[in-house]
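Next up is a structure, given as structure tokens.
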Amino acid sequence: MSQQTYAVSGMTCASCLRHVEKALTGIPGVTSAVVNLATAAVTVEGSATFEAMARAVEDAGYGLSRIDPDLPVEADLLAPARQRMVVALLLTLPLLVMMVPGLDWHLPSWVQALLATPVVFGTGLGFFSRAGRQALHGQASMDTLIALGSGIAWAFAMSEWRRGAHHLPFETAAALVAFLLTGKYLEARAKARATDALKALLALAPPTAQRVEPDGSTLEVPVSALHPGDHARVLPGQTVPADGRISSGQAEVDESMLTGEPLPVAKGVGESLIAGTVVHGSVLEMEILALGADTQLARMAAMVAQAQGSKAPAQDLADRISAVFVPVILMLALLTFAGWWWLGGGFDQAWRPAVTLLVIACPCALGLATPVAVMVGIGAAAKKGVLVRDAAALEALGQATDLVLDKTGTLTEGRPRVRRVMLCGHRTEAELLAVAASLERDSEHPIARGIRAAYQGDIQAVQAFRTHPGGGISGQLEGVFWRLGSESFLGLSFPPVDEDGIAVGLADEGELQGVLILGDRLRPEAAGVVANLTRQGLNLHLLTGDRAAPARIMAAAAGITTVIADVRPEGKLAYLKELQAAGAVVGFVGDGVNDAPALAQADCGIAMGSGAGEQGTGAAMAAASLVLLRSGLEPILAARDLALRTHRVIRQNLGWAFGYNLVLVPLAAFGQLERFGGPMLSGAAMGLSSLTVVLNALRLRR
């Protein structure tokens, strides 16, 4: 079973969204279909063929096509929308000039008809064709309301012309379509800005690279011509063309475009490079490991695009209302028409309030309120180094009541460091660190890295080196045989240690020379982040598989009072379920393989993704719905702030969309909008309502 995303054409409101989803889910083999009105795309899960899905969507009155990643949204959407708007406005303007008070200018009836007809049935043809196809399937949408509104106005104008009336409402029919097309164009432009973050991600990768040839020379080739295993040279100021590993050179690499980290990172031989980052200070030669869709940049862009197309829970209410909204408006318009006719106004008086109500109630703003805010919020998060993989998680983080943190690698740095050296013989501390670092020179064990980091001098060559799994290592330096490891491995008693930590003994041929005490360290920003989150009303929990003593020490230093230690992965899962059963909305922050079940269970799973190349972090990222691409805990504050702002904008947008209809629909039904232009006002107001929710959502980019 596969998941694919396709472009949908012809959608204009929340009712369209439900029609497309219903058409697709009715096909055998389709298990789910999620439509995003803001991105004009649908994500389909199942085994049905594209041809079968395209036929079903076309029968429902819309179009389905495969997405061309090389076609910019401006070329696909904005140019035709701008052309229709300009033509409609140019033809409508002479009709509106006749309405200016005090201006004695009147066009012949046949000229008015000649100007209005191409606007209504030319530039506005899409409204009628979509409404017609939907009507054949017993469906109605915004297109139905607009087609009825402008069609009735045009038909009445033609009728009045035939009976020789002086005033012909051709300007109403034309202005209705022209204002709606103007609103649609402005809306499309604003929505195009909402995808800027995604387009910026995709634009980071350079088109060419300097490939290193067998003779050592370089040849500039398209990135598409590279293959895994090739070598490329990256000059200072150039962008890394693909994911890879440094084979020679040292330089600083600016990864801010991907992680939001402002300072360049120093990198040397053997360290990873990410496509789209920029090299500073020196030349690097790299081995190509991944290209194109397999790069971290491409995967990030795909995840952002998928998340922007996902639905937030807040959208469910709008979707449920839109299912009945258009039929209800059609009934209200019919009752309005009948009421005004019954009051003695006749058709001449009854059609205008009915048409005004039809158009002003179009549920465009309702359909855009949530998805546009989600799309902009997720794009803004990506620029801050927070990768959002699911819109529901972003909303959940904004509503979270409890935040549970893992300890090692999350609250702490996850790297054992040498706290102190206990001297037990005649050797100095510097001598012991030099021996220990030399013995550990080739090991990737976390303890080995901690020991090497504590020694800044030259590493010596070791003879007769040997590893003892589960115990330690041994080797000979300058004629002396050394052993480094645990108390049981050395067979020697360590002096009492009055602090929690890892004790590693170093012994020569005669006796124990010293004990290195290593321990993890609290992240320097942890206490400040915890205090900030606590002030926001979140309940903080520390949940770890480590022993109780170090867990309490770290929790106290960070300011967390609830500590659960000695917990296995299944215990972490059970603890989160208990909190959720009690009504809590739970976020979980972790970084290791053992955190993956809890990250998946949480309402919002947050993975520490700064070490994306490590196996544990990779598993955590796969299970989490939010990934922090910057190191440290501070991105949690940025993610939380953005989640709160996004949730607030969604509420504002829904409030505007509902309030707009609650206020204006009754006024239209009772004819109170006639003095302000009636149907023409309704067209302008409907376009303005959609534009308002889009512009409100764009505030999240600040």
Side-chain angles (χ1 to χ4, degrees), residues 270 407-409 411-524 544-557 563 565-566 568 592 594 614 616:
K407 182 179 79 70
T408 306
L411 195 65
T412 68
E413 294 179 342
R415 298 189 299 271
R417 296 173 180 266
V418 176
R419 292 179 181 168
R420 65 188 182 100
V421 179
M422 300 173 62
L423 303 179
C424 304
H426 61 277
R427 304 278 186 170
T428 66
E429 179 177 324
E431 290 175 317
L432 294 179
L433 286 174
V435 171
S438 297
L439 289 170
E440 296 280 22
R441 63 177 295 175
D442 296 321
S443 175
E444 287 303 313
H445 192 282
I447 289 178
R449 291 198 293 266
I451 291 174
R452 289 199 303 270
Y455 179 67
Q456 304 300 320
D458 295 330
I459 301 295
Q460 304 174 57
V462 179
Q463 289 79 40
F465 177 80
R466 185 181 173 190
T467 61
H468 305 269
I473 55 178
S474 61
Q476 190 172 344
L477 284 91
E478 298 180 345
V480 180
F481 183 74
W482 292 92
R483 292 182 300 152
L484 178 71
S486 64
E487 196 171 24
S488 60
F489 166 66
L490 297 178
L492 300 169
S493 297
F494 291 178
V497 179
D498 58 357
E499 60 187 290
D500 185 81
I502 302 168
V504 180
L506 180 61
D508 60 12
E509 295 166 332
E511 61 181 353
L512 182 68
Q513 291 295 327
V515 178
L516 285 66
I517 309 299
L518 293 93
D520 202 354
R521 191 168 70 176
L522 189 73
R523 290 185 183 273
T544 178
D546 202 356
R547 292 163 294 143
R552 290 196 190 97
I553 291 172
M554 291 299 176
V563 182
D566 293 308
R568 295 176 62 84
N594 62 332
E614 299 175 10

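Worth saying up front: this structure is predicted, and the values here are computed from it rather than measured.
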Review point. Are any non-hydrogen side-chain atoms of Leu506 and Val421 less than 4.5 angstrom apart?
Key: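 Counting from C-beta outward, Leu506 and Val421 never come under 4.5 Å.
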Review point. Looking only at heavy atoms, which two atoms of Leu433 and Ala454 are closest? And how far apart?
Key: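 Taking every non-hydrogen atom into account, CD1-O, 3.9 Å.
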Review point. Side chains of Glu431 and His426: closer than 4.5 Å at any heavy-atom pair?
Key: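 Sidechains of His426 and Glu431: no contact.
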Check your understanding: Do side-chain atoms of Arg417 reach the backbone of Gly450 as a donor and acceptor pair under 3.5 angstrom?
Key ->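 No; zero donor-acceptor contacts below 3.5 Å.
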Exercise for review: Would you give the length of the straight line joining atom OG of Ser438 to atom CG of Leu477, rounded to the nearest 0.5 angstrom?
Suggested key: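 It comes to 5.5 Å.
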Check your understanding: If you round to the nearest 0.5 Å, how far is CD1 of Ile451 from CG of Leu484?
Key ->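 It is 5.0 Å, given to the nearest 0.5 Å.
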Point to revise | Arg483 to Ser474 - nearest heavy-atom pair and separation | key: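 Result for this residue pair: CG-CB, 3.9 Å.
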Exercise for review: Quick one: closest heavy-atom pair of Ala503 and Val515, and the distance?
Suggested key: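 In this case the closest contact between Ala503 and Val515 is CB-CG1, 3.9 Å.
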**Study point:** Test item: Gln476 side-chain N/O and Ala464 main-chain N/O as donor-acceptor pair under 3.5 Å
**Key:**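 No, because the side chain of Gln476 does not come within donor-acceptor range (under 3.5 Å) of the backbone of Ala464.
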Review point. Of the non-hydrogen atoms in Leu432 and Gly514, which two are nearest, and what is the gap between them?
Key: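 Heavy atoms only, the tightest pair is CD1-CA, 3.9 Å.
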Practice item. State, to 0.1 Å, how close Trp482 and Leu439 come at their nearest heavy-atom pair, and which atoms those are. Key: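 So the two residues come closest at CB-CD1, 3.9 Å.
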Point to revise | Distance, nearest 0.5 Å, that separates CG of Leu522 from CG of Leu411 | key: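 Taking CG in Leu522 and CG in Leu411, the distance rounds to 5.0 Å.
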Point to revise | Distance in Å, Arg523 CZ paired with Thr412 OG1, rounded so as to fall on 0.5 Å steps | key: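 It comes to 7.0 Å.
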Point to revise | Over all atoms of both residues, closest heavy-atom pair of Val462 and Gly475 | key: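 The pair with the smallest heavy-atom distance is CG1-CA, 3.8 Å.
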Check your understanding: Do the side chain of Arg452 and the main chain of Glu440 share a donor and acceptor less than 3.5 angstrom apart?
Key ->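 Yes.
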Check your understanding: Looking at CD of Gln513 and CG of Leu492, how far apart are the two atoms once the value is rounded to the nearest 0.5 Å?
Key ->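 The CD atom of Gln513 sits 10.5 Å away from the CG atom of Leu492.
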Review point. Counting only heavy atoms not in Gln460, do more than 12 fall under 6.0 Å of its CD?
Key: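 Yes, CD of Gln460 has more than 12 neighbouring heavy atoms, counting only those of other groups under 6.0 Å.
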Practice item. Hey, could you give me the CG/CD distance between Leu516 and Glu429, rounded to the nearest 0.5 Å? Key: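 It comes to 8.0 Å.
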